[in-house]
Amino acid sequence: EVQLQASGGGSVQPGESLTLSCTASGLTFDDYGIGWFRQVPGKEREGLSFISPTEAFTKYSEAAKGRFTITSDTKNTAFLRIDGLKPEDTAIYYCGALMIRWAGSSFEFRPQIYSYWGQGTLVTVSS
C-alpha cells in the first residue's frame with residue numbers, strides 16, 4: 001500500500017520559515033517523483049515544486065520561485081522549505097507522487113496526473 005505522509009505545518013508569524021516533510025512508503029524514488037502543492041478553500045490546487053531525486057531534477061512554478069526550496073533524501077522523504085512566510089502563504093500543503101516519466105515534461109504541476117496524494121498539512125501565517 002502506498003502512503004504519503006505530509007508533516008511540518010503549523011502557525012507561524014510573517015517572515016518566519018518552515019520546512020515541510022513528505023515521507024513516502026510503498027513506492028521508491030526510482031519510479032516516482034514528489035510534487036508539492038497548496039490549496040485554499042474555493043481555489044484550485046496550486047503547484048509549487050517538483051523533485052525527482054533519481055534524475056537529479058527539480059522544478060519550481062512561478063509562484064514558488066525565490067522563497068521555496070525543494071530537497072530530498074535518497075530514500076523516501078522530500079522536503080519543502082519556505083522562507084519569508086507571508087499571510088498569503090496560508091493554505092493546506094499537499095505532497096503527491098508522480099510517475100518519473102513525467103519529470104521534465106512541463107506537466108509536473110498538473111494535479112490530475114498524480115498517482116498518489118498525502119493528507120495535507122496546514123500552514124497558517126498571521127501576526
Side-chain angles (χ1 to χ4, degrees):
E1 180 185 7
V2 173
Q3 289 189 335
L4 299 176
Q5 182 70 41
S7 61
S11 295
V12 297
Q13 294 189 342
E16 293 184 343
S17 299
L18 271 180
T19 298
L20 309 180
S21 300
C22 177
T23 301
S25 60
L27 58 81
T28 73
F29 286 162
D30 289 339
D31 301 318
Y32 291 89
I34 300 296
W36 281 100
F37 292 72
R38 66 184 178 187
Q39 191 169 22
V40 297
K43 292 192 175 182
E44 294 184 353
R45 195 164 291 192
E46 177 185 38
L48 298 170
S49 190
F50 173 83
I51 188 167
S52 171
T54 298
E55 299 191 348
F57 175 82
T58 60
K59 188 173 183 178
Y60 296 90
S61 68
E62 287 301 315
K65 288 181 181 177
R67 296 188 297 117
F68 293 72
T69 305
I70 194 168
T71 57
S72 71
D73 63 18
T74 58
K75 188 178 179 182
N76 65 345
T77 302
F79 306 94
L80 183 71
R81 177 180 172 90
I82 313 171
D83 294 311
L85 279 155
K86 305 175 181 180
E88 51 264 43
D89 293 320
T90 296
I92 299 174
Y93 285 72
Y94 295 92
C95 60
L98 178 66
M99 293 180 67
I100 199 170
R101 65 186 176 95
W102 291 104
S105 68
S106 78
F107 295 101
E108 296 91 346
F109 301 131
R110 296 196 181 187
Q112 301 90 329
I113 64 172
Y114 275 67
S115 300
Y116 304 98
W117 291 98
Q119 84 289 359
T121 185
L122 177 62
V123 174
T124 303
V125 185
S126 69
S127 55

### Message
Checking W102 against R110 for the side-chain contact (heavy atoms from CB on, under 4.5 Å) test, could you report, in this order, the C-alpha distance in whole Å, the side-chain angles of both residues, the deciding distance, and whether it holds?
### Response
CA-CA 10 Å; W102 291 104; R110 296 196 181 187; over 6 Å; no

### Task
Report yes or no: does E108 contribute a side-chain atom to a donor-acceptor pair with the main-chain N or O of S106 at less than 3.5 Å?
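Flag set: sc E108 to bb S106 pair under 3.5 Å.
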
### Message
Quick one: does any side-chain atom of S61 pair with a main-chain N or O of G47 as donor and acceptor, under 3.5 Å?
### Response
yes

Counting C-beta onward and ignoring hydrogens, is there a side-chain heavy-atom pair between [X] and [Y] closer than 4.5 Å?
{"X": "Q13", "Y": "S127", "answer": "no"}
{"X": "E46", "Y": "E44", "answer": "no"}
{"X": "Q39", "Y": "Y94", "answer": "yes"}
{"X": "C22", "Y": "Q5", "answer": "no"}
{"X": "T124", "Y": "V12", "answer": "no"}

### Query
How far apart are the C-alpha atoms of Y114 and F37, what are their side-chain angles, what is the distance that settles it, and do they pass the ring-ring contact (aromatic ring centres under 6.0 Å, His included) test?
CA-CA 11 Å; Y114 275 67; F37 292 72; 5.1 Å; yes

### F57 vs I51, side-chain contact (heavy atoms from CB on, under 4.5 Å): CA-CA, chis, key distance, verdict
CA-CA 6 Å; F57 175 82; I51 188 167; over 6 Å; no

### Summary
Which of D89, L20, D83 passes side-chain contact (heavy atoms from CB on, under 4.5 Å) with F68? It is D89

Do you reckon [X] sits in the same ILVMFWY cluster as [Y], going by side-chain contacts under 4.5 Å, direct or chained?
{"X": "V40", "Y": "F109", "value": "no"}
{"X": "I70", "Y": "Y116", "value": "yes"}
{"X": "Y32", "Y": "I113", "value": "yes"}

If you compare all heavy atoms of [X] against all heavy atoms of [Y], which two are closest, and at what distance to 0.1 Å?
{"X": "G9", "Y": "V123", "value": "CA-CG2, 4.0 Å"}
{"X": "T54", "Y": "I100", "value": "CB-CD1, 3.9 Å"}
{"X": "S72", "Y": "F79", "value": "CA-CD1, 4.0 Å"}
{"X": "A24", "Y": "L4", "value": "CB-CD2, 3.4 Å"}
{"X": "S49", "Y": "K59", "value": "OG-O, 3.0 Å"}

### Message
Assess the residue pair F29 and S52 against the criterion (side-chain contact (heavy atoms from CB on, under 4.5 Å)); give the C-alpha distance rounded to whole Å, side-chain angles, the decisive distance to 0.1 Å, and a yes or no.
### Response
CA-CA 7 Å; F29 286 162; S52 171; over 6 Å; no

Any chance you could measure [X], atom [atom1], to [Y], atom [atom2], to the nearest 0.5 Å?
{"X": "T90", "Y": "R38", "atom1": "OG1", "atom2": "CZ", "value": "9.0 Å"}
{"X": "S21", "Y": "R81", "atom1": "OG", "atom2": "CZ", "value": "12.0 Å"}
{"X": "I34", "Y": "C95", "atom1": "CD1", "atom2": "SG", "value": "6.0 Å"}
{"X": "T71", "Y": "L80", "atom1": "OG1", "atom2": "CG", "value": "8.5 Å"}

#### Entry: Within 45° cone and under 6.0 Å: R45 NZ/CZ vs W117 ring
yes

### Query
Do T77 and T23 get their side chains close enough for a donor-acceptor pair, meaning under 3.5 Å?
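Note: T77 and T23 side chains meet the donor-acceptor criterion.
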
### Check against side-chain contact (heavy atoms from CB on, under 4.5 Å), I82 and R67
CA-CA 6 Å; I82 313 171; R67 296 188 297 117; 4.1 Å; yes

### Query
For N76, what residues pass the side chain to side chain donor-acceptor pair (under 3.5 Å) criterion, not counting sequence neighbours?
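Checked N76 against side chain to side chain donor-acceptor pair (under 3.5 Å); zero matches.
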
### Message
I'd like to know whether CD of E88 has more than 12 heavy-atom contacts from other residues, nucleotides or ligands below 6.0 angstrom.
### Response
yes

### Task
For T28, check side chain to side chain contact (heavy atoms under 4.5 Å, CB included) against everything at least two apart and list the hits.
D30, D31

